[in-house]
Amino acid sequence: MQSSNGRAQGPGEGPGSSADNQEDHGVAPRDVAYEDPWYDELASGWGEPTGTGVPGSAVPPAREEPDGTAARSRAVYVEVQRSTAFQEVRTRYRRFVVPGVAAFLAWYVGYVVTATTAPGLMARPVAGAVNVGMLAGLGQFLTTFLLTWAYARHARLRRDRAALELRWDTQELTREARGGAS
């Protein structure tokens, strides 16, 4: 008997046999090369030998810019980081984020601790099938959305304009450090 791909089948290799039943079902034979360039290839820079038996370097060296413009550009960023305007933006950010994160984590840990140590309190009915635990759980979602809204509002009103001005100043100073080339 012959299979659909033209090879003869031996005993026990019929359509009912589960042993090595490899009829042509769209599967490429093993001796055909795949067209996929990623198939069975090592990723470059992932420790494979370079042909000399020594693993290749994992990270290519950084591109050096001519006549020290990279050093001047770095100096611009250090100068901006030390400026009072940058420090003010960072201070405004920290003044909002640190208390907000602390309050939210305290609220979350308080919810979890109360749920595990006082299940009777959490099971106390409030209205019908709604209990204290359900309201506190929904309160977690509500406070997440409120904190996100408050963060976006604080950023828009207190930091975005100053950060944008710093960005423009930094780009202008970097352009000057590179000699006017953009």
Side-chain angles (χ1 to χ4, degrees), residues 36-38 41-48 50 55-182:
D36 186 6
W38 297 102
E41 291 291 327
L42 291 173
S44 62
W46 285 62
E48 73 272 7
T50 59
S57 64
V59 178
R63 179 175 54 108
E64 285 295 320
E65 295 187 23
D67 32 359
T69 57
R72 289 194 301 267
S73 295
R74 278 193 296 269
V76 166
Y77 285 100
V78 170
E79 178 185 340
V80 168
Q81 184 180 7
R82 291 179 180 159
S83 71
T84 56
F86 182 83
Q87 296 303 322
E88 179 65 26
V89 170
R90 294 293 295 170
T91 301
R92 289 178 185 177
Y93 171 77
R94 287 186 187 120
R95 266 193 234 140
F96 181 84
V97 169
V98 171
V101 167
F104 185 78
L105 284 177
W107 161 230
Y108 177 73
V109 170
Y111 170 72
V112 172
V113 168
T114 304
T116 56
T117 59
L121 172 68
M122 297 299 256
R124 184 172 295 159
V126 175
V130 178
N131 59 23
V132 173
M134 291 173 76
L135 289 179
L138 290 173
Q140 292 288 316
F141 288 105
L142 180 64
T143 54
T144 301
F145 292 123
L146 285 174
L147 189 60
T148 303
W149 171 80
Y151 176 82
R153 183 176 185 274
H154 181 268
R156 185 180 71 246
L157 295 177
R158 306 246 199 270
R159 294 191 324 262
D160 284 352
R161 182 167 290 137
L164 186 61
E165 289 173 8
L166 274 171
R167 178 180 174 192
W168 285 113
D169 292 344
T170 304
Q171 288 178 352
E172 184 177 313
L173 290 170
T174 304
R175 197 172 298 120
E176 290 172 4
R178 292 184 180 183
S182 44

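Residue Met122 holds its CE atom at 9.0 Å from OG1 of Thr116, rounded to the nearest 0.5 Å. Put simply, CG on Leu147 and CG on Leu142 are 11.0 Å apart, with the number rounded to the nearest 0.5 Å. Atoms CZ and OH, on Phe104 and Tyr108 in that order, are 8.5 Å from each other to the nearest 0.5 Å. In this structure, Arg159 CZ and Glu88 CD are separated by 11.5 Å, a value rounded to the nearest 0.5 Å.
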Exercise. Can Thr114 and Leu121 be said to form a side-chain contact (heavy atoms from CB on, under 4.5 Å), step by step?
Worked result: CA-CA 8 Å; Thr114 304; Leu121 172 68; 3.8 Å; yes
For this session: Test Leu166 against Ser83 for side-chain contact (heavy atoms from CB on, under 4.5 Å), laying out the working first.
Result: CA-CA 10 Å; Leu166 274 171; Ser83 71; 4.2 Å; yes
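No more than 12 heavy-atom neighbours from other residues, nucleotides or ligands sit within 6.0 angstrom of CZ on Arg158. For Tyr111, the OH atom is densely surrounded, since the number of other residues' heavy atoms within 6.0 Å is greater than 12.
Across all their heavy atoms, Gln81 and Phe86 have their closest contact at O-CD2, 3.2 Å.
Ring geometry for Phe96 against Tyr151 counts as tilted: the plane angle lies between 30° and 60°, on a 0 to 90° scale.
Residues Arg124 and Asn131 fail the side-chain proximity criterion, which asks for heavy atoms closer than 4.5 Å.
The pair Glu165-Arg161 fails the salt-bridge criterion, with no side-chain N (NZ, NE, NH1 or NH2) lying under 4.0 Å from an Asp/Glu carboxylate O.
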